[in-house]
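The structure appears right after this line, and notes come after that.
The sequence lines fix the lettering, A, B, ..., with proteins before strands; numbering per chain opens at 1. The basis for the numbers below is simple: all heavy atoms, side chains too, and nothing from hydrogens, waters or symmetry mates.
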Protein chains: 2
Amino acid sequence: MSVTLSDVANRAKVSPATVSRVLNGNYPVAAATRERVLRAVDELDYVLNGPASALAASTSDLVGILVNDIADPFFGIMASAVQAEMGCQDGDGTGRAGGEKLAVVCNTGGAPDRELTYLTLLQRQRAAAVVLTGDTVDDPAHAAAVAAKLARLAEAGTRVVLCGRPPLTAHPDAVLAALPFDNRGGGRALTSHLLELGHRSIGHVAGPAERTTTRHRLEGHREALAAAGLGGDRAGGGLTVHGPYDRRSGYEGARELLRREPGLTAVVAANDTVALGVCAALREAGLRIPQDVSVAGFDDLPFSADAVPALTTVRLPLQAAGARAGRLALGTEKPPPGRVAEIAAELVVRDSTGAPRTG
Amino acid sequence: MSVTLSDVANRAKVSPATVSRVLNGNYPVAAATRERVLRAVDELDYVLNGPASALAASTSDLVGILVNDIADPFFGIMASAVQAEMGCQDGDGTGRAGGEKLAVVCNTGGAPDRELTYLTLLQRQRAAAVVLTGDTVDDPAHAAAVAAKLARLAEAGTRVVLCGRPPLTAHPDAVLAALPFDNRGGGRALTSHLLELGHRSIGHVAGPAERTTTRHRLEGHREALAAAGLGGDRAGGGLTVHGPYDRRSGYEGARELLRREPGLTAVVAANDTVALGVCAALREAGLRIPQDVSVAGFDDLPFSADAVPALTTVRLPLQAAGARAGRLALGTEKPPPGRVAEIAAELVVRDSTGAPRTG
DNA sequence: TTGTAGGCGTTATCAC
DNA sequence: GTGATAACGCCTACAA
């Protein structure tokens, strides 16, 4: 079969225990012995049996990252940042992977049941940590189920970190740290910006109706409107449509908004991708951006700066947040006081917003 | 500690072996017994210990997916497609969902050593399968190292599939199947298209110099030029610059090309993202697309259709290729004859290319 | 500093 | 159809 620890032990003329100790490195071993063992490992081309050591140590070196949509750079950037923290640097230049954690990214598609399924799978693997990114379904039953699952994971020693997702209400102590994005503040800043430019008829192509992120961004939007004395029906949804986080949703949403209110002078999109769809629909309707209609996105993904016109949006430090979540999951960084640290959102004004057309 | 198989066995008043059998579903068990066991599992909220079963069965339910850059939709789309295939497929019509595989996405950053490190990690986990996506460094030493590693993995029972990567030259039998993209054909089609439009001075902002994909796309480009009688210096690199697969590379590459050859009428980019950067630089130089300069991308990522102007590019069926690779890795689909099936690339002509300005 | 031995939770091979 | 019982490969007190 495959070469085992005792094979190495025999070759190096030591006990299996000693081999285990040099491999794990967290135990004193004589330099000469270690040398001999390492050589044997190399000669035999030995690779540790992960499952066996996970069983014996009752913990694995797997770290799970849950994302809604891996094909969306929003999640890709965070996942990448988390993974980058998992230290791929070999401890002793031997090219041997030392305290290496394997970051596994799990694509839930945003489906509540898949989220739970993956959590169970990770629990089964006795994952060392789990990072949940993105928002979640805004439903008490699902929230409770996830919270319960996370509580069990935490109980079993898995470190749970929330990145860009609101803290748990049910078992708040189950998560090591939560790094929610300030979606509300971002939404408020964006709409305030539009109001300051003079816009009074602002459409909103929001995200999926039942998601926390959608709700928070919308709340920020409405707070800004209310602060400007524009409450009531208009803020209540007359100029709001919902849809998924894709280009098509923006395209169709904009057409629908135009139908409802041809006098529209600005559109806020659920995110940058949706904003691109909005722009396409607007152009198709013969409207110039921003002369006729202003458009704003959210997230500030890399392509937004290159859009034509360059997109006004709200920057979320995805890379930084992911990196921090990764360190938290690894135990490299201390959790913030209260275990919650809100991530600030920053308004980025570019060329897709301007003063409304007069008259 | 945590609840184990024997706890369930006790509660259900059966032996651990029986519990194992109903959980794995691939063994005859009396309906009544199964019922009782399942109930006990539910009541105890039992979750299988993955490492333990992997150890005993000497195989895990992990499937590794290696990608160069998870934040790049090019890889995100493939990874997502592979992962989508890992869903619960019923083993033998029993209906029980047991064949869940955990797809783990590993971000190599395109670095050769990280590629090997991840392969070792996967080997350590006794992964059931490994899917390698994207291209690789065009270096014999590294290719040999990877091939050797893959051979060991295959030897240990891991199913190896190559998706969008050229077949191995060293241990061709180590991989179950290779699905290389027809980068050469795509490159040829693209440049032919430009030549047919009348372009004679075509710049090329290529990918990283030492990668197989870069080489193949470039070869296609030059084949087309040669076929049109435009060989020599121009084809040899006078109008070719290299850089990473990002927007900035396109931006700087285009500026450099413009400096070398102000009379340029077309630019071929390494991929769609790079093409966006090219467009930005061109516009900044006061050039219209495609009236003054035509631009073409590669891959046909979702945003390309929304670019302004919509990008002419070469479509790679990333989603379909990923799905097929996933099925191959799972053993759901038969490997192609010869274990190699080239994935066709299709020219997509949109608005960013046109006839060159006359005079 | 190093060796010995028991156990981690499952699966698989026998019997019954 | 079901129950004992050995592996599976490694970790970790405990001894030496």
Side-chain angles (χ1 to χ4, degrees), chain A residues 1-38 40-41 44-62 98-99 123-128 156-157, chain B residues 1-38 40-41 44-62 91 94 98-100 123-126 128 156-157:
Chain A
M1 204 61 124
S2 115
V3 33
T4 77
L5 229 188
S6 9
D7 295 333
V8 176
N10 288 340
R11 196 138 183 15
K13 296 193 196 306
V14 294
S15 75
T18 302
V19 178
S20 170
R21 293 197 262 256
V22 336
L23 256 33
N24 289 334
N26 41 11
Y27 224 82
V29 173
T33 314
R34 127 177 283 121
E35 206 50 42
R36 208 142 32 90
V37 170
L38 252 23
V41 166
L44 263 41
D45 203 10
Y46 169 71
V47 173
L48 194 66
N49 183 318
S53 62
L55 172 57
S58 72
T59 176
S60 83
D61 50 4
L62 243 52
Q123 181 181 9
R124 174 181 301 182
Q125 300 295 334
R126 302 301 188 257
Chain B
M1 206 52 138
S2 118
V3 34
T4 77
L5 220 166
S6 7
D7 294 334
V8 175
N10 288 339
R11 195 143 189 7
K13 295 188 194 310
V14 293
S15 74
T18 301
V19 178
S20 170
R21 292 197 263 254
V22 338
L23 256 33
N24 289 333
N26 41 10
Y27 227 83
V29 173
T33 314
R34 127 180 281 123
E35 204 51 42
R36 209 145 28 95
V37 169
L38 252 24
V41 166
L44 264 39
D45 203 10
Y46 169 70
V47 173
L48 194 66
N49 183 319
S53 67
L55 172 57
S58 74
T59 175
S60 82
D61 50 5
L62 245 52
T94 54
E100 266 296 1
Q123 181 181 9
R124 173 182 301 184
Q125 298 295 333
R126 303 299 190 258

(request) Could you tell me the separation between the CZ atom of B:Arg124 and the P atom of D:dG9, rounded to a whole number of Å? (result) 16 Å
(request) Output the distance between atom CD (A:Gln125) and atom OG1 (A:Thr59), rounded to the nearest 0.5 Å. (result) 11.5 Å
(request) For B:Arg126 and for B:Ala30, locate the closest nucleotide of DNA chain D by heavy-atom distance; then report the residue assigned to the nucleotide nearer the 5' terminus. (result) B:Ala30
(message) Looking at A:Asn49, I'd like to know whether one of its side-chain N or O atoms comes within less than 4.0 Å of OP1 or OP2 on D:dC8.
(response) no
(message) Rounded to whole Å, how long is the line connecting atom CD of A:Glu35 with atom C1' of C:dT1?
(response) 17 Å
(message) Using the side-chain heavy atoms of B:Tyr27, tell me which of these nucleotides is nearest: C:dT2, C:dT13, D:dC11.
(response) C:dT13
(request) Round to the nearest Å and state the distance from A:Leu55 atom CG to C:dG6 atom C1'. (result) 13 Å
(message) Rounded to whole Å, how long is the line connecting atom CG of A:Asn24 with atom P of D:dG9?
(response) 17 Å
(message) Do A:Arg126 and B:Ser2 make a side-chain contact, defined as non-hydrogen atoms from C-beta onward lying under 4.5 Å apart?
(response) yes
(request) To the nearest 0.5 angstrom, please state how far the CG atom of A:Leu48 sits from the OG atom of A:Ser20. (result) 8.0 Å
Return a table of donor-acceptor pairs under 3.5 angstrom between the side chains of residues 5-19 of chain B and protein atoms on other chains or two or more places apart.
| unit_1 | atom_1 | unit_2 | atom_2 | d |
| --- | --- | --- | --- | --- |
| B:Ser6 | OG | B:Thr4 | OG1 | 3.2 |
| B:Asp7 | OD2 | B:Thr4 | N | 2.8 |
| B:Asn10 | ND2 | B:Ser6 | O | 3.4 |
| B:Arg11 | NH1 | B:Glu43 | OE1 | 3.2 |
| B:Ser15 | OG | B:Ala17 | N | 3.4 |
| B:Ser15 | OG | B:Thr18 | N | 3.3 |
| B:Ser15 | OG | B:Thr18 | OG1 | 3.3 |

(message) So A:Leu5, base contact, sugar-phosphate only, or nothing? Heavy-atom distance under 4.0 Å.
(response) sugar-phosphate
(message) Less than 4.5 Å apart, side chain to side chain, heavy atoms only: is that true for A:Arg21 and A:Val37?
(response) no
(message) Can you identify which nucleotide, out of C:dG9, D:dT2, D:dC10, has its nearest atom closest to the B:Val29 side chain?
(response) D:dT2
All N/O pairs under 3.5 Å across the protein-nucleotides 3-5 of chain D interface:
| unit_1 | atom_1 | unit_2 | atom_2 | d |
| --- | --- | --- | --- | --- |
| D:dG3 | OP2 | B:Ser15 | N | 3.0 |
| D:dG3 | OP2 | B:Ser15 | OG | 3.3 |
| D:dG3 | OP2 | B:Thr18 | OG1 | 2.6 |
| D:dG3 | N7 | B:Arg21 | NH2 | 2.7 |
| D:dG3 | O6 | B:Arg21 | NH1 | 3.4 |

(message) Rounding to an integer number of Å, can you tell me how far A:Leu23 CG sits from D:dC11 P?
(response) 7 Å
(request) Send over the distance from B:Leu48 CG to C:dG9 P, rounded to a whole Å. (result) 12 Å
(request) Look only at the side chain of A:Ser58 and the backbone of A:Leu55, and say whether a donor-acceptor pair between them is shorter than 3.5 Å. (result) no
(request) Counting heavy atoms from C-beta on, name the nucleotide in C:dG7, D:dC8, C:dA12 closest to the side chain of B:Ala56. (result) D:dC8
(request) Using atom CG of B:Leu44 as one end and atom P of C:dG9 as the other, report the distance to the nearest whole Å. (result) 14 Å
(message) When you compare the side chain of A:Leu23 with that of A:Tyr46, does any pair of heavy atoms fall below 4.5 Å?
(response) yes
(request) Could you check B:Ala31 against B:Ala52 and say which one's nearest nucleotide on DNA chain D is further toward the 5' end? (result) B:Ala31
(request) Could you state the atom-to-atom distance from CD of A:Gln125 to P of C:dT10 in whole Å? (result) 13 Å
